[in-house]
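Here's the structure, in structure tokens; my notes come after.
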2 protein chains.
Amino acid sequence: MDEGATAHERVYRRLRRKILHGELAPGQAVTLRGVAAELGVSMTPVREAVRRLAAEGALAISASGRVSAPVLTPQRVEELAAIRALLEPELAARALPRAHFSLIERLKRMDAEIDDMLENGDAAGYVRANIEFHRTLYLRAHAPAMLAVAETVWLQMGPSMRALYGRIGMGRVMDYHRKAIAALAAGDEAGLRLAIRADVRQGLTLLSSEGLDAA
Amino acid sequence: MDEGATAHERVYRRLRRKILHGELAPGQAVTLRGVAAELGVSMTPVREAVRRLAAEGALAISASGRVSAPVLTPQRVEELAAIRALLEPELAARALPRAHFSLIERLKRMDAEIDDMLENGDAAGYVRANIEFHRTLYLRAHAPAMLAVAETVWLQMGPSMRALYGRIGMGRVMDYHRKAIAALAAGDEAGLRLAIRADVRQGLTLLSSEGLDAA
DNA sequence: TTTCCTATTTTGTGATCACAAACGCATCCC
DNA sequence: GGGATGCGTTTGTGATCACAAAATAGGAAA
């Protein structure tokens, strides 16, 4: 599946996916030798991959060098929400003129998949499908730098989001994706911006209000 | 001066400063062994530092692994400008309630220093002082994640900005910092947002309109 | 003179090793 | 019983080495 040329690239992608999908619990420790043994490589490429992920905020490195999935403070969550609320409506707006029928249909299918995940209570699948929905839309914006920043933010939220939905369930999740898709089909930029902003804010206000008092 | 505990941290900071201040020309190559020899360390910590800087967009790594300062396309410049225009007014607005007299005085002194750089035609000093002005203001926002994103963007622009000012001079640079400081002192959030947005847009429209056709 | 091919050098990659600091745990003392 | 202390183990750091691929320089042929 992941047949990257270099070993550190493979390690990077593997770890990144685990973090993004929330397969690491917040605060969970990761050892260089452990990852190296698990993936059958030496420590060298693992260190590079970990260093890279730490630079993206996807992993935290303590003063003594220990690596772990980051634990988000409420302030941090608020900040990440603010960044998403600033960037993602812009990304959606830039994708709008390029959003043709096939893309809209694809987004509808992805949203249906998200609904399935919600009904089945599949928290990990929900997080993954939700990110995929946003990424698919934003890819059309042809704004790689902006998308990279957004992905960095998602990466930082990964462990906490997954832990949150696993703990409190997903009953209260409202579907703003339909509104976004409708605005997309209608060419309504203002409506699209509002829908995306609401969608982004929802997940993170949930996280900051209930997610962190149990820590 | 830079007495970081670990070697890769020292290498990282050293390279970062060089890039941020534009001491590397866009496209200029950097070799691992070269940096290692220059700083008196082995290749291992250099690779980690380079990998980290590449993750931040401060260095580009070719398909064959060669490392160089990034060359920005006009589209890239436009994107970076858009990110700055979204994030920095927000950072300034968040700093506003915490901006007391001493901070405003400090910013005035820093702006005067920037004017000196402009008069002396010191492009490198101008870039450095300008970044320092913005960072000083935004630090008061107590928004480390947002500031980190902004610094990432500055890092990506470093080489190109320096090259631009060195080439076309800085005669046409307008001082929006005064307006920002005035708005800050008056507690005028809307005015502050506008001033910062204008300041950010100026540097980058200049870069995208004249900077890249000579490449 | 230009172009193409080859040999040499440069350069990044990944594994291994030695080392020191931090951690975990059992023990001991108060 | 609780906290400090000691030691063995785990873990990250940095240097060195072997290797392969890429870049460069040099020479031969047209």
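Convention: sequence-line order gives letters A, B, ...; per-chain numbering from 1.
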Can you give the donor-acceptor pairs under 3.5 Å from side chains of residues 25-36 of chain B to other protein atoms, not counting sequence neighbours?
| unit_1 | atom_1 | unit_2 | atom_2 | d |
| --- | --- | --- | --- | --- |
| Gln28(B) | OE1 | Ala25(B) | N | 3.0 |
| Thr31(B) | OG1 | Gly34(B) | N | 3.0 |

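Taking CZ of Arg162(A) as the reference point, atom CD1 of Ile19(A) lies at 14.5 Å (rounded to 0.5 Å). To the nearest 0.5 angstrom, Leu137(B) atom CG is 6.5 Å from Leu103(B) atom CG. From Glu9(A), atom CD reaches atom CZ of Arg16(A) across 10.5 Å, with rounding to the nearest 0.5 Å.
Between Glu78(B) and Arg201(B) there is no salt bridge, since none of the side-chain N atoms of the basic residue sits less than 4.0 Å from a carboxylate O of the acidic one.
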Return the polar atom pairs (N/O with N/O) between nucleotides 4-8 of chain D and the protein under 3.5 Å, or none.
none

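A side-chain hydrogen bond (donor to acceptor under 3.5 Å, both in side chains) check over residues 49-58 of chain A, counting only residues at least two apart or in different chains, returns the pairs Tyr12(A)-Glu56(A), Arg51(A)-His8(B), Arg51(A)-Glu48(B).
Remark: Pro89(B) engages Arg193(B), Ile196(B), Arg197(B) in a side-chain contact (heavy atoms from CB on, under 4.5 Å) (not counting sequence neighbours). By the side-chain contact (heavy atoms from CB on, under 4.5 Å) test, Arg84(B) pairs with Glu88(B), His134(B), Val153(B), Trp154(B), Met157(B), Val200(B), Leu204(B), sequence neighbours left out.
Checked against dT11(D), dG14(C), dT11(C), the side chain of Arg66(A) finds its nearest nucleotide in dT11(D). The side chain of Val67(A) lies closest to dG12(D), out of dG12(D), dC23(C), dG12(C).
Atom CD1 of Ile61(B) and atom C1' of dA22(D) are 16 Å apart (whole Å). Spacing between atom NE2 of His8(B) and atom P of dA15(D) amounts to 12 Å, rounded to whole angstrom units.
Contact check of residues 23-48 of chain B against DNA chain D (heavy atom, cut-off under 4.0 Å) returns Val41(B), Ser42(B), Thr44(B), Pro45(B).
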